Each structure stands twice: as structure tokens, then as C-alpha cells.
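Treat the numbers as computed from the prediction; the structure is a model and nothing was measured.
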Amino acid sequence: MVVGRNSSGTGRTVLLILIGAALGTLVGFGLEKYGILAPFLRPAVIDVPLHTYLDFFFFSLSFGFRLSITIATILGAMGGYLLSKKV
């Protein structure tokens, strides 16, 4: 047991933001399914295609990702952040 060790809380803050974003996305998906606030819950997609290459002489990297964000995701992440500041 380490005595006098202070945790900065950065990991807890990031974890609560991600949990809040996930819960916000689930709530937003449920609201969109029933047609409540549907125009506001359409996702904004940030897409980097899979054929993006970084090529060196001895190896080549290929990467891509797709990020889909809704208003509910942003509100959930903000809620997680506020919760992390209260804890």
C-alpha cells in the first residue's frame, strides 16, 4: 500500500467523459428511434478512409477511422465532465 500517493484524477475524468458520451449516444439513439427530436439527433460523421497511407522505406502504415457524433453524445460527454468535477 502506497502512503501519501495523490492521484490527479485525469484517468477518472476521461473515463467519466467516455461513459457520459456512450450513455448520451444510447439515449439519443432511443429518442431518434421514436422520432423525438429526430432532426437534431442525426450524426455528424468525420471519416478518414482506410486507404490513407503513411509509407516509409522499410514499412507502410494504413489507417482510417470513422467518428459519428450527435448532439446527445456531446451533451453526455459534458455531463460526464461535470460529474467528474463534482466527485
Side-chain angles (χ1 to χ4, degrees):
M1 184 176 196
V2 179
V3 177
R5 180 177 174 199
N6 293 329
S7 63
S8 66
T10 305
R12 183 181 59 209
T13 301
V14 170
L15 184 65
L16 285 173
I17 289 172
L18 291 176
I19 290 171
L23 290 175
T25 301
L26 288 174
V27 169
F29 179 71
L31 291 176
E32 185 182 17
K33 184 176 179 181
Y34 293 111
I36 302 169
L37 299 173
F40 296 106
L41 297 173
R42 302 244 194 275
V45 177
I46 300 170
D47 192 17
V48 175
L50 289 173
H51 58 273
T52 304
Y53 291 104
L54 187 62
D55 193 11
F56 295 105
F57 292 113
F58 52 93
F59 72 95
S60 175
L61 296 173
S62 172
F63 63 95
F65 66 89
R66 183 180 178 123
L67 184 63
S68 180
I69 297 177
T70 65
I71 298 284
T73 306
I74 294 170
L75 290 176
M78 287 173 40
Y81 177 74
L82 291 174
L83 183 66
S84 73
K85 292 302 171 188
K86 300 235 183 221
V87 172

| request: Please round to the nearest 0.5 Å and tell me the distance separating atom CD1 of I19 and atom CZ of R12. | output: 12.0 Å
| query | Parallel, tilted or perpendicular for F56 and F58, by the 30°/60° rule? | reply | parallel
| query | Going by side-chain heavy atoms closer than 4.5 Å, which hydrophobic residues are tied to I71, directly or by a chain of links? | reply | L75
| For I74, what residues pass the side-chain contact (heavy atoms from CB on, under 4.5 Å) criterion, not counting sequence neighbours? | I69, M78
| Atom pair CD1/CG of I17 and L83 - distance to nearest 0.5 Å | 10.5 Å
| said: Holding to ring-ring contact (aromatic ring centres under 6.0 Å, His included), I want the full list of residues that pass it with F65, two or more places apart in sequence or in another chain. | reply: none
| Residues two or more places apart in sequence or in another chain: which of them pass side-chain contact (heavy atoms from CB on, under 4.5 Å) with S68? | P43, V45
| Residues in ring-ring contact (aromatic ring centres under 6.0 Å, His included) contact with F57, at least two apart in sequence or another chain | none
| field | Non-hydrogen atoms of S84 and T13 that approach each other most closely | value | OG-CG2, 3.5 Å
Pair up each side-chain donor or acceptor in residues 20-39 with any protein partner under 3.5 Å, not counting sequence neighbours, and list the distances.
| residue | atom | partner | partner atom | Å |
| --- | --- | --- | --- | --- |
| T25 | OG1 | A21 | O | 2.8 |
| T25 | OG1 | T73 | OG1 | 2.7 |
| E32 | OE2 | R42 | NH1 | 3.4 |

